[in-house]
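Working notes, structure below.
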Amino acid sequence: MTLSTILSYGLLPWSVSISVAQGQSEWKPGDGHSPLVVSEVLSGLDHPWAMAFLPDGSGVLITERPGHLHLWQRATGLSEPIKGVPDVYAHSQGGLLDVALSPDFDQNRLVYLSYAEKDGQGHAGTAVGYGRLSNDSRRLENFTVIFHQEPKLSTGAHFGSRLVFSQEGYLFIALGENNRRSTSQDLDKLQGKVVRLHADGSIPVDNPFVDNKKARPEIWSYGHRNQQGAALNPWTGALWTHEHGPRGGDEINIPQAGKNYGWPLATYGINYSGLRIPEAEGTHRQGTEQPHYYWRVSPAISGMAFYDADLFPAWQHSVFIGALKEQALIRLTLKGDKIVGEERFLEDRSERIRDVRVGPDGYVYVLTDEAAGKLLKIGLQQ
């Protein structure tokens, strides 16, 4: 339901100094900021995972992890579940995950979904497909699966996943490693990879491993852990992704073709038991890329959105990221590609932030990952 309550919050009075060589943040006291204005637009969602704004302000598509896709419109509220969504493996971290619109949505009305699917042996992996949103927005027509993560290795963990279209129309899929660490380094498997496809699921001929008979031709980059954030930098056109570390070591990467991002051979995290990662050689390993930015203590990051709207100039050249464990909205300030500041919002709400998007109105929108999850609209007091 729609709530009329508008809550104002003061931002945490912190500024951040950055270790450029390692990309790690170091907190120190700073100046205060203008207060946030937070509106609860919608509540009662069942563990919402992702959202996509339809053009011309015609609504927001929202996925719920148990397997439902809804359309929220200001005039009519939340729709009944849209029909035609594929069956999903809704177990532990699995279910209906990301949603993205075709770059040509105005002409073809195609909606892309990522989700967990199960095989006959009880294992699961990530799948991606698309369907046409009917003119009345009640159905996904002719849903077609274009990608299966192979082999299927998950029993409920580390599916990823995020969907991002490049400026050239390529589809990037950021995947988890199904909690099977070593598979991130295996080029014959699709765990722990960023994949690049054409919009119809075919493989671009210039993918970095397309001529390697021992590698999957879909692979763009590898050595990732559990990627739950991805977005296109609007100023450079480059793909940015982020991933959960284990106990520590959440990181941001700018994946380049054919590069190895280290997991589990190099990491800033340790095992949940407190012991080192067995395969890790330390924080660095020859032949692997260092993260663009990382956290020694894991916020458990999810969702990513660059702020390029005009409404709030103070947020220009920022990237917003949700935090699940630390229950916050993180804003990173950019100077070019360099991250030069970090601050955190919404910590006093004690809600897990699953997805972050910038709306066409210039406000930041987040989904909270709860049994009665919310859609929040966030701006600065003007």
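These values consider heavy atoms only, across backbone and side chains, with no hydrogens, waters or symmetry-generated copies. These numbers were taken from a predicted model, which means no experiment stands behind them.
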Inset, instruction - Kindly indicate, with the supporting measurements, whether the criterion salt bridge (charged side-chain N to carboxylate O under 4.0 Å, His left out) is fulfilled by Lys152 and Asp119. - result: CA-CA 7 Å; Lys152 288 184 170 52; Asp119 66 12; over 6 Å; no
Inset, instruction - Please answer whether the main-chain N or O of Gly176 pairs with a side-chain N or O of Gln149 as donor and acceptor at a distance below 3.5 Å. - result: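 Indeed, once roles are kept as given, a pair shorter than 3.5 Å links the two residues.
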Legend entry - Under 3.5 Å: donor-acceptor pair, side chain of Arg352, backbone of Leu367: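 No, Arg352 side chain to Leu367 backbone: no donor-acceptor pair under 3.5 Å.
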Inset, instruction - Only pairs at least two apart or in different chains count here, so list each ring-ring contact (aromatic ring centres under 6.0 Å, His included) that has a residue in residues 86-113. - result: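 Residue pairs with at least one partner in residues 86-113: Tyr89-His91, Tyr112-Tyr130, Tyr112-Phe165.
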In terms of heavy-atom contacts, does [atom1] of [X] have more than 12 from other residues, nucleotides or ligands at under 6.0 Å?
X: Asp56; atom1: CG; answer: no
X: Arg276; atom1: CZ; answer: yes
X: Gln107; atom1: CD; answer: yes
X: Gln382; atom1: CD; answer: yes
X: Lys259; atom1: NZ; answer: no

Taking the basic N atoms (NZ, or NE/NH1/NH2) and the acidic carboxylate oxygens, is any pair closer than 4.0 Å for [X] and [Y]?
X: Asp250; Y: Lys325; value: no
X: Asp98; Y: Arg354; value: no
X: Glu343; Y: Arg331; value: yes

Legend entry - Test log, rule side-chain hydrogen bond (donor to acceptor under 3.5 Å, both in side chains), inputs Glu177 and Asn226: CA-CA 6 Å; Glu177 35 72 291; Asn226 188 25; over 6 Å; no
Inset, instruction - Determine, using ring centers only, whether Phe53 and Tyr365 are less than 6.0 Å apart. - result: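 Yes: the rings meet the under 6.0 Å criterion.
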Legend entry - Check: Tyr170 ring centre within less than 6.0 Å of His198 ring centre: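 Ring centroids of Tyr170 and His198 are less than 6.0 Å from each other.
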Legend entry - Glu281 CD to Glu279 CD distance, which is reported to the nearest 0.5 Å: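 One gets 10.5 Å once the value is rounded to the nearest 0.5 Å.
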Legend entry - From CG (Asp186) to CZ (Arg180), nearest 0.5 Å: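 Interatomic distance, Asp186 CG to Arg180 CZ, rounded to 0.5 Å: 12.0 Å.
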Inset, instruction - Please test Lys83 against Arg138 for side chain to side chain contact (heavy atoms under 4.5 Å, CB included), starting from the C-alpha separation and ending with a verdict. - result: CA-CA 6 Å; Lys83 296 180 179 180; Arg138 295 181 179 180; over 6 Å; no
Answer yes if the side chains of [X] and [Y] hold a donor-acceptor pair under 3.5 Å, and no otherwise.
X: Glu289; Y: Asn253; answer: no
X: Asp104; Y: Ser102; answer: no
X: Glu64; Y: His70; answer: yes
X: Glu168; Y: Ser166; answer: yes

Here's a test for you: under side-chain contact (heavy atoms from CB on, under 4.5 Å), which of [options] qualifies with [X]?
X: Phe159; options: Leu175, Asn179, Thr126; result: Thr126
X: Ile353; options: Ile321, Val366, Ile330; result: Val366
X: Glu351; options: Asp369, Leu376, Leu329; result: Leu376

Legend entry - Results of salt bridge (charged side-chain N to carboxylate O under 4.0 Å, His left out) for Arg216 - residues two or more places apart only: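 If we apply the salt bridge (charged side-chain N to carboxylate O under 4.0 Å, His left out) test to Arg216, skipping adjacent residues, the hits are Glu150, Glu218.
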Legend entry - Axial cation check for Trp49 ring with Arg65, 6.0 Å and 45° limits: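 No, Arg65 does not sit over the ring of Trp49.
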Legend entry - Cation over ring face, Lys377 and Tyr363, 6.0 Å, 45°: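 Because its charged atom sits under 6.0 Å from the ring centre and within 45° of the axis, Lys377 does stack over Tyr363.
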Inset, instruction - For Tyr268 and Trp295, run ring-ring contact (aromatic ring centres under 6.0 Å, His included): C-alpha distance rounded to whole Å, both residues' side-chain angles, the deciding distance at 0.1 Å, then the answer. - result: CA-CA 8 Å; Tyr268 286 88; Trp295 289 265; over 10 Å; no
Inset, instruction - Using ring-ring contact (aromatic ring centres under 6.0 Å, His included) as the criterion, point out the one residue from Phe147, Trp220, Trp240 that pairs with Phe172. - result: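 For Phe172, the ring-ring contact (aromatic ring centres under 6.0 Å, His included) test succeeds with only one of Phe147, Trp220, Trp240, which is Trp220.
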